[in-house]
Student: 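Sharing a structure with you now.
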Amino acid sequence: MNCRDLQLRWETLSIGQQSVVYCTNLARRKPFLKDIHKKCCLKFATSHLGDTPNMWKKVLWSDETKIELFGNNAKRYVWRKSNTAHRPEHTIPTVKHGGGSIMVWACFSSAGTAKMVKIDGKMDGAKYRTILEENLMESAKDLRLGRRFVFQQDNDPKHKAKSTMEWFKNKHIQVLEWPSESPGLNPIENLWKELKTAVHKCSPSNLTELELFCKEEWENISDIPQATYSCNRSKRWRYKVLT
């Protein structure tokens, strides 16, 4: 069978171009959203339609994340010759369970990154309040947010515990109402990805080095792009970076 025969056979197949595209793309993973979650996200977006960029500059964003010692799991592609797949330069070394990991809490605003704290042991409400007590106000001061800043946190039970919310009330700290099941709304997720990539390039050999590199690279993320938050005509929340 020559090339012309192959072409004619291909043209007679009853598979459309769109079908081929569907077959070659993987389904994306995303949090499972119930109708109530979608309604809350829409309500959140609609309620902030009139907000100005200056309002969002007063927000102190926060989150926790796990960083593995050998945990860069992103797919990487290499150019290689046949039968060379197992050469060291074409493989990614892995360690069982990631070789260990650390949990960190951090915060940032449009003015830059603030405190990063390693979480020792299991996080509970008391430990979370200790982190806030020792780092939140100092972070706001370092970023020159003033007393009327807005603090963002997700709806983890430790964050929304009655004693924790009382702590915010006693400190006169406004907490941003946050819709459930919406991790993609928090712009800190972009910084987590940048941080983990930078730390992986430092090649830490133990957890002590991992913590050190995390804090160093977090401080090095000094160029935070100015951001505005708006809702387009279909009322879907979006994050727009102004460069």
Side-chain angles (χ1 to χ4, degrees), residues 54-69 71 98 100-180 182-183 185-200 202 204 206-225 227:
N54 286 333
M55 178 272 177
W56 293 104
K57 290 180 182 179
K58 301 292 290 183
V59 177
L60 184 61
W61 305 88
S62 73
D63 196 18
E64 299 102 40
T65 191
K66 181 173 74 171
I67 303 179
E68 295 181 343
L69 185 58
S101 62
I102 62 174
M103 286 289 296
V104 297
W105 173 93
C107 58
F108 88 103
S109 77
S110 64
T113 56
K115 298 294 183 181
M116 170 174 281
V117 181
K118 177 176 174 289
I119 302 171
D120 294 317
K122 184 178 180 180
M123 174 76 105
D124 55 20
K127 185 169 294 185
Y128 181 61
R129 290 189 294 276
T130 298
I131 290 175
L132 296 177
E133 185 73 46
E134 296 177 353
N135 300 278
L136 182 54
M137 299 305 296
E138 188 175 350
S139 294
K141 182 179 179 181
D142 291 343
L143 295 172
R144 299 181 180 180
L145 295 179
R147 291 288 304 178
R148 297 177 64 85
F149 71 92
V150 179
F151 181 66
Q152 181 276 336
Q153 60 174 7
D154 61 30
N155 294 315
D156 186 286
K158 297 182 289 293
H159 301 169
K160 301 291 288 185
K162 183 177 179 180
S163 51
T164 302
M165 299 309 294
E166 282 291 330
W167 184 89
F168 286 122
K169 183 178 179 180
N170 294 335
K171 296 290 184 179
H172 305 287
I173 297 174
Q174 180 181 349
V175 179
L176 182 66
E177 279 296 324
W178 197 249
S180 300
S182 54
L185 287 182
N186 194 343
I188 202 172
E189 296 296 334
N190 301 320
L191 298 193
W192 287 147
K193 182 177 180 180
E194 184 175 341
L195 172 69
K196 292 175 183 180
T197 299
V199 170
H200 175 75
C202 295
N206 53 60
L207 294 182
T208 301
E209 286 188 354
L210 178 62
E211 179 183 356
L212 176 64
F213 292 153
C214 283
K215 292 182 177 180
E216 288 180 350
E217 295 301 328
W218 181 253
E219 293 177 359
N220 289 338
I221 307 177
S222 58
D223 186 19
I224 305 294

Student: By the side-chain hydrogen bond (donor to acceptor under 3.5 Å, both in side chains) test, which pairs, at least two apart or in different chains, include something from residues 162-171?
Tutor: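 Every side-chain hydrogen bond (donor to acceptor under 3.5 Å, both in side chains) pair that includes a residue of residues 162-171, provided the two are not neighbours, is R129-S163, R129-T164, E133-W167, E133-K171.
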Student: To the closest 0.5 Å, what do you measure between OG1 (T113) and CD (E217)?
Tutor: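 If I round to the nearest 0.5 Å, the distance is 11.0 Å.
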Student: With heavy-atom distances below 4.5 Å as the criterion, would you say the side chains of R147 and M137 are in contact?
Tutor: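 A side-chain contact under 4.5 Å exists here.
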Student: Does a side-chain heavy-atom distance below 4.5 Å link W218 with V199?
Tutor: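 In short, these two side chains do not touch, never coming nearer than 4.5 Å.
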Student: Does the side chain of F149 come within less than 4.5 Å of I173's, by heavy atoms?
Tutor: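 Sidechains of F149 and I173: in contact.
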Student: To the nearest 0.5 Å, tell me how far H200 NE2 sits from L210 CG.
Tutor: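 Rounded to the nearest 0.5 Å, the NE2-CG separation comes out at 12.0 Å.
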Student: Taking side chain as C-beta onward, heavy atoms only, is L60 less than 4.5 Å from L143?
Tutor: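 Of all side-chain heavy-atom pairs linking L143 with L60, at least one is under 4.5 Å.
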Student: What is the minimum heavy-atom distance between F151 and L132, and which atoms define it?
Tutor: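 Heavy atoms only, the tightest pair is CZ-CD2, 4.0 Å.
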Student: Would you say L69 and P204 make side-chain contact, with heavy atoms under 4.5 Å?
Tutor: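 Heavy-atom side-chain distance check passes, below 4.5 Å.
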Student: Between N135 and M116, is there a donor-acceptor pair closer than 3.5 Å when you use the side chain of the first and the backbone of the second?
Tutor: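 Absent.
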Student: Atom CG of L176 and atom CG of D154: how far apart are they, to the nearest 0.5 Å?
Tutor: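 One gets 11.5 Å once the value is rounded to the nearest 0.5 Å.
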Student: Side-chain contact, heavy-atom cut-off 4.5 Å: K158 with M123?
Tutor: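 The answer is yes, as the side chains (C-beta and beyond) meet within the 4.5 Å cut-off.
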Student: Report the distance from atom CD of E64 to atom CH2 of W192, rounding to the nearest 0.5 Å.
Tutor: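 Spacing of CD (E64) from CH2 (W192) equals 8.0 Å.
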Student: Parallel under 30°, tilted from 30 to 60°, perpendicular over 60°: which one fits the rings of W61 and W178?
Tutor: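 Judged by the thresholds at 30° and 60°, the geometry between W61 and W178 is perpendicular.
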Student: Does the side chain of Q153 come within less than 4.5 Å of K160's, by heavy atoms?
Tutor: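 K160 reaches Q153 side chain to side chain.
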Student: Enter the distance from D63:CG to N186:CG here, rounded to the nearest 0.5 Å.
Tutor: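 These two atoms lie 5.5 Å from each other.
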Student: Within the 4.5 Å heavy-atom criterion, are K115 and D142 side-chain neighbours or not?
Tutor: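 With C-beta onward as the side chain, the pair touches.
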Student: Does CD belonging to E209 count more than 12 external heavy atoms closer than 6.0 Å?
Tutor: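 Enclosed.
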